[in-house]
Structure formats: C-alpha cells, structure tokens
There are 4 protein chains.
Amino acid sequence: MTEPVITPQKQAILDAAQGLFARHGYEGLSIRDLAAECGLAKATIYHHFRDKQDIFMNVLERDAGCVHAQIMAAAKREPDPLSKLRVVVHTYCGLISERRSIVLTTLREVTGMEDKLRRFAMMNKQVFLGPLAAIVQQGIDEGVFRPVDTEMSALSLLGMLHGFVTFQLIAQDREIGSDVADHVLSLFLHGICVRDSQ
Amino acid sequence: MTEPVITPQKQAILDAAQGLFARHGYEGLSIRDLAAECGLAKATIYHHFRDKQDIFMNVLERDAGCVHAQIMAAAKREPDPLSKLRVVVHTYCGLISERRSIVLTTLREVTGMEDKLRRFAMMNKQVFLGPLAAIVQQGIDEGVFRPVDTEMSALSLLGMLHGFVTFQLIAQDREIGSDVADHVLSLFLHGICVRDSQ
Amino acid sequence: MTEPVITPQKQAILDAAQGLFARHGYEGLSIRDLAAECGLAKATIYHHFRDKQDIFMNVLERDAGCVHAQIMAAAKREPDPLSKLRVVVHTYCGLISERRSIVLTTLREVTGMEDKLRRFAMMNKQVFLGPLAAIVQQGIDEGVFRPVDTEMSALSLLGMLHGFVTFQLIAQDREIGSDVADHVLSLFLHGICVRDSQ
Amino acid sequence: MTEPVITPQKQAILDAAQGLFARHGYEGLSIRDLAAECGLAKATIYHHFRDKQDIFMNVLERDAGCVHAQIMAAAKREPDPLSKLRVVVHTYCGLISERRSIVLTTLREVTGMEDKLRRFAMMNKQVFLGPLAAIVQQGIDEGVFRPVDTEMSALSLLGMLHGFVTFQLIAQDREIGSDVADHVLSLFLHGICVRDSQ
DNA sequence: GATGAATGAGTATTCATTCAT
DNA sequence: AATGAATGAATACTCATTCAT
C-alpha cells in the first residue's frame, strides 16, 4: 500500500515531460525547458525525481499502463478476433494522435540509452506488442487467420501505424484519423493482391 | 559545371559520419567524435563542411542517391509488379542490415530539426517512398493489386520494415534477413485473413 | 541559566555530523547526507541549527570540550612533566584513532572558511595546544627541559602526531597505536642525535 | 621524445591552479575561478586538460619534480647527514612559504579522492619522504644518529614542519622563516630533554 | 518538532563553432 | 589543406537554505 505515491505535482511534471519527450525525444528534452514548462525551478524537478532517467521511466510506466488499460478494455468488448483487431487499431490511432503517447513514439531512440533504461523500454514495449500478438493467436486458433508468426505479425501491424506517425511528425500535414486505421487494417487483413494466387 | 565536387577527403568524413549518424542519431553525433574517427582536427571538418547540418544533408543526399539507384535497378530487372515488389523489399532489407542506411534509420528524429533540414529530409524520403508507390500503382493498373491508396500503401510497407529495424535496434537480438522480408511481403500482399470474406 | 541546552535530538545530529565531518571534511559534508544519516528531513536539521557553520561549531565545541577534559584529567594524574607528556601523547593517539576527533583532523581545512569560523577554530585549537605548552613550560621551570619556545614546541609535537594521522588517512594501512606515540615522544624528548654535541 | 609536452599556455593554467589548490584545496578550486584567474573561458581549460583530476595530477607532478630536484640538489652539496638535514629542512621551509607547494600542503585532503588520484598522490609523497629517510639512514650508518625507524622519523620531521604550515594557514600571522626551520631541526636532532637520562 | 516543496546560485563538463596561423 | 586555441551557451545535476504548514 505504500507504493510510490505519485502526487499531483509529480503528475504535472510528468505531463509536461510526456509532451516534451514526444516532441523532442529523450536527448532533446532539457531539464531547463521542462522546468520552465512547469513553471518550476530546475532544482525543484530534482526534488521530485532522482534524475532524467527517473523522469523518463515514470512517464513511460504511466503511459504504458494507460495504453495497456485502454487496449485491453477495447479488446474485451469484442468477441471475435477480427472485431478486436479493428477496435484495437482504432484505439492505437486515437492514442497516438490525441495524447502523443511516448510509449508509441519515443521508443525509436532508446538505442543509445544505457542498458538499464533500454531493458525497461523493452519491457514496456511488450505492453502493446503482447495484446496484439494474443489477438492474432486467437484468430489463428479459431481458423480465421492464416498460421503466421504472431510476434512478427504484431510487430508488422505496429510498424505500419508507426510509419504514419513518423510521417506525420516529419510532414506535420497529415492528421492521423480513422482513414489511416482503416487503411492499415485493411492491408493487414487482406493484403493488396486481388486474390490469393501464388 | 562547378557542381560541388566531393573530394576524397570529404568522402572519408561522410563515411565516418554516416556510421555515427546511424548509430547515435543526429543529436548523438558530436563533431569531436567525428573528427577523432576521421583522424582529423575538429576545425578541419569545418574546412570541408559549413556546419553539422551541412554534413547531415550531404550524407543524406549521398545515401539517398545510392538507395534510389539500387532500388531502381532492382525494380527494372523485373517486369511484373509482384516480382518488383519482392525484389525491392529484399533490397531494402539488405540496405538496412548491411549498410545501416541513414536515409532509412535516422529520419525518425528529424522532428526537432529546423525547418530547412526537415524539408530536405522530407524530400529525400520521397526517394524511397516514390518507387514503391509507383510499383503499387503499376500493379493496380495491371489489375494485380486492389485499388488502394498508393502512397499510404507504400508508407505502410515501409513502416512494417521499419518496425523490425526499430525492434532490432532496441533488442539487438534479431538479425534482419530474408525471413523478415518474406514475412513482410507476404503480409503486405495477402494479409492474414484466411480468405477475402468481408 | 538559559544556556543553549543541547537536547538529545541535537546530540544525535551532532554525532552523525562528527563522523561525516571527520570522514569527508567540512565542504564534503552535505546537509542532505547528514539528514539521511539521522533519518530526518533536511529542514529538520535547520530547525535545530542555524546553518552548516553552526553545526560545525557545535561539533567542534563539544569535541574540544571532551578532548580538553581527557587531556587535563590525564595530565593531572601525573606529577612530573615527563610522565605528563607521555600520558598526554598517548591520550591524543587514542582520541585520534578511536573517536576520529574532528578537532584533531578537520582543522586542516579551515583555510577557506569565513573569518568567524576560522577564528572559532583557532580558539578551539588552543584547547589542545595550550595544555601541551603548559607541560613544556613546567618542564623548563623544573629544569628538566631545555629552554625552548613552548608554543612552537607544542606545535611541533602535535605536528608529528598529525603527520601520522594524515599518512594513515592517505595510506589507510597503518594503525595509529602505542608504537607511534612512543616513537613521537622519544624523538620529541631526545631527538635523533647520538649525543648533545653540535 | 614525444613526451606530453607542456606548452606555455598549459604552464600558465597550472601556475594559476597551483595557487588556488594550495589556498582552497582540491574541492575548493572551481574551474570557473581557475578560468577567471587565467583570463580564459571555462571551455578553454578543457581544451588543455581532460578534467579537474588531470589538472591536479599535472600540478602535483610538476611540483613534485621541482621539489624533488631542489631537495636533492641541496642534499648533494653537503657531505655529512647533519648538514644535509639542516639544508634540506631550510629548503622545505623556503618552498612552503615562497611557492606554497601543493605537494606539501594539499595532500592533506586526498582522503576523499577516488582511488586513482589517491594512489597518485601517495606516489608523489614518496618524492619528499624518501630523501629525508635516506639522510636519516646515512646518519645512522655513520653512527651520528640513533638507530631509529627511518620512515617514521622522516614522517615526524615533515609532520613538525606541516604543523607550522597548517598553523600559519589558520592564523595567517606567522611567517614561516629560518627560525621555524631552526627550531624544528633542533627539536628533531636533540629533543627537549636537558640530558639523556631515562 | 517536524517536514515537503521550492529555489538561486553553484558544480564539472560538453557542445558546435570561429579564427589566426 | 589543415589545425591549435579559444569561446558562449548549453548540458545534467547538487548545494545550503527558506517557508508555509
């Protein structure tokens, strides 16, 4: 019960950090800017968090929990894997464009991070890779999907979505909306071939 | 005719820079490290290039040209869009895992860059998004592919591949090889549904 | 009558501070660490003491009183200056190695301190320089010692002892024990020359 | 021959650093102050030296070499150990009061330093402990000195001198001159007892 | 008595860049 | 063509201290 309680002040810092991490990446967020964004002194940030990694990990954890909860809730509402997939993909799209989830965006640059941080990031990745793989597996079991590699498939689906995120971040001219979700889903489910020859 | 001649020394710097950009990202490359890698003094770098952006742009341009050439050559060898797609996807995979092409990897972090740089990055993106879209368009024209949005489809395909790159960069335990190319291609072409119901 | 009462809580803080000052020096002790060592919040330290100087001065005063008392008691037990010196030197050695007295160890770095603090430190220095000088004076009066400068002699004797303390702190391989006391005393009393020619 | 050449600029920085280290100790020297003292920007300091430790080690090394050379030269001029000792002690006193040698003053606070730095400091300490011990040994061999522990004796002698240094640093009212050297030497050689009774 | 929150000034160090040679 | 020297601005982080509760 004495879990590390996250006070409102901490939440406010995490909120600001989430946006900055999503916009500028891990290295790109400077404590000075974060403090300014919060209207606090730099030192105050360090009163609440041990260091930059600590902030990132907390943002990651909080966001992962949120994403996971929404995904699971969405999947639960639908019985068959096809509907589940549809709902989950739309949920992802919503999370990405609305909240700029860092779990979904900042992970690209964990490369250079220290081991501890990278392992933590990996762990959190499972949070949204796992549910997708599970749905694919269910579909295979029920004979609805082809017997593909579940993990690779989940990764592919996420990759498609990320493609649009990255593109949007670069171009800043394309809103990620339902059409994207539909397109990705359609491609993932049926491919682009006219029929299953070959 | 007085095109910016790229001397051997410049090439050597670009070679070193390409590797460092790919490994550490744009912010992560420090001129100091680059100079050390080249066995040159920091100031000498600035004798050959205006600034860091200039280096990045040159690397990007050179790499884009190279990627473009290989993609086009590969596509040219095959007549039908299906084979073209297969060959092009395998080429991409090869470029990513062999040469760690920065066009394909570093673009994720152009977000925070200044406008000029971002526009330039966008332009280069077309280099490998364009050919893919063209192939998809050809397939649609020939009645082999469904009438999907060509640009979105190309983006989706690239996204899938990038998913694996990112994953590999994070996990560092999965080599990107032919199986990945085959999987991505199979999914892109036929989806995961057993048949085209619904 | 309203002398600055030193409550048990204050004593606990001073105990912790004494150890930290002795180990890390004046600058090296951080209030944060001190608070952690006491199991108190940083602000609580300031509830009991005005500032860092105040803490240092209190530790110094308390320790000086203790050292002084022990030295005086030891000296009192012996009648002749030679025995007094022997007993006092052994007492010093004991204090240094057992309690890591800060009066004897931290004083080296009062250099950079503000005037007030430095003057206070000086004053406390007299606490253990004075008794030694007195003993030497007594010895001279009784014709046992040569008519040397008493203060310089006391300082020399202490310097010898400090030499071993410093050396031990650096090397951390030599325990300060009776042999050191005997050696220092022997040198101080008879020098190293075979006989008093010159 | 390609020894790390110490350029004039480096020398200037080391000169400034030597004074600051001697006055404020290792922790007490701030790069900002050092840069200001040199009339350079902070970053320029780092152009010449890797970090603060590097600066300290260079100062230490240079100073140790200088002290060693002067001591050895002084000792060489005199044939008998007694004269040697006299000359060497006076040399030490001169070095301390004139140049504020850090080898002789800053070493007190290597306690908290990292291992590498502490070992280095220890090594340098031998530079001026060794020659003294050698002279004492020579005296013992020639039957001029009593058969004392040479290292402990050398340490004691240095300790006495340091006692005055510390005292002077604290009090800032006593110049270290010939009288101090004479006093210390006299005490070291003959002790304070009237005769060798006991 | 005690403390969580907050802070301004400080720490060592790194950055991309310039310039005289 | 090349570089050693120099720098202003930035980096993450720590300091002793204050104050409202």
Side-chain angles (χ1 to χ4, degrees), chain A residues 5 7-10 12-13 26-35 38-56, chain B residues 7-10 13 26-35 38-56, chain C residues 7-10 13 26-35 38-56, chain D residues 5 7-10 12-13 26-35 38-56:
Chain A
V5 185
T7 64
Q9 293 104 317
K10 276 186 152 193
I13 295 173
Y26 181 79
E27 294 284 353
L29 174 147
S30 89
I31 301 293
R32 181 210 258 186
D33 293 350
L34 175 57
C38 300
L40 293 173
K42 262 186 299 174
T44 310
I45 304 290
Y46 286 93
H47 176 66
H48 293 286
F49 297 97
R50 208 178 323 100
D51 53 18
K52 199 176 168 180
Q53 272 200 26
D54 191 30
I55 298 170
F56 185 66
Chain B
T7 64
Q9 292 103 318
K10 276 188 150 190
I13 294 172
Y26 181 78
E27 295 283 353
L29 175 146
S30 86
I31 302 292
R32 184 211 255 185
D33 293 351
L34 175 58
C38 300
L40 293 173
K42 261 187 301 178
T44 310
I45 303 290
Y46 284 90
H47 182 70
H48 292 287
F49 297 96
R50 205 177 329 100
D51 55 16
K52 197 177 170 181
Q53 275 198 24
D54 191 30
I55 298 171
F56 185 66
Chain C
T7 64
Q9 291 103 316
K10 277 188 150 191
I13 294 173
Y26 181 78
E27 294 284 352
L29 175 147
S30 86
I31 301 292
R32 184 211 256 184
D33 293 351
L34 176 58
C38 300
L40 293 173
K42 262 187 301 178
T44 310
I45 303 288
Y46 285 89
H47 182 69
H48 292 288
F49 297 96
R50 203 176 331 101
D51 54 16
K52 197 177 169 181
Q53 274 197 26
D54 191 30
I55 298 171
F56 185 66
Chain D
V5 184
T7 65
Q9 294 102 317
K10 278 188 150 189
I13 295 173
Y26 181 79
E27 294 285 352
L29 175 148
S30 92
I31 301 292
R32 181 211 257 189
D33 293 350
L34 175 57
C38 299
L40 293 174
K42 262 188 296 175
T44 309
I45 304 290
Y46 285 90
H47 175 66
H48 293 286
F49 297 96
R50 207 179 322 101
D51 54 16
K52 198 176 168 181
Q53 273 199 27
D54 192 30
I55 298 172
F56 185 65

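Quick caveat: nothing in here was measured; it's all calculated off a predicted structure. The figures here come from the full heavy-atom set of this structure, side chains too, leaving out hydrogens, waters and symmetry mates. Proteins get letters first, then strands, A, B, ... in listed order; numbering begins at 1 in each.
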Decide yes or no for A:Ile13 and A:Thr44: does some side-chain heavy atom of the first lie under 4.5 Å from some side-chain heavy atom of the second? no

Looking at side-chain heavy atoms only, is the closest gap between D:Leu34 and D:Ile55 below 4.5 Å? yes

Toss me the dot-bracket line for DNA chain E: Watson-Crick and G-U wobble, both under 3.5 Å, 5' to 3', using | for pairs to another strand and [ ] for crossers. .||||||||||||||||||||

Considering non-hydrogen atoms only, spot the tightest contact between [X] and [Y] and give its length.
| X | Y | answer |
| --- | --- | --- |
| A:Ala12 | A:Cys38 | O-SG, 4.5 Å |
| D:Lys52 | D:Tyr26 | NZ-O, 3.0 Å |
| B:Ala41 | B:Ala35 | C-CB, 4.0 Å |

Donor-acceptor pair, distance only, cut-off 3.5 Å: does the side chain of D:Lys10 make one with the backbone of D:Phe49? no

Terminal contacting nucleotides, 5' and 3', DNA chain F versus chain C (heavy atom, 4.0 Å): F:dC15 to F:dC19

Rounded to the nearest 0.5 Å, what's the gap from NE2 on D:His47 to CG on D:Leu40? Could you check? 10.5 Å

Atom CD of B:Gln9 and atom CD1 of B:Ile45: how far apart are they, to the nearest 0.5 Å? 11.0 Å

With B for base contact, S for sugar-phosphate-only contact and - for none (protein heavy atoms under 4.0 Å), nucleotides 7-14 of chain E reads BB-BSSBB

Set of side-chain contact (heavy atoms from CB on, under 4.5 Å) partners for D:Asp33, sequence neighbours left out: D:Ser30

Set of side-chain contact (heavy atoms from CB on, under 4.5 Å) partners for C:Arg50, sequence neighbours left out: C:Asp54, C:Lys116

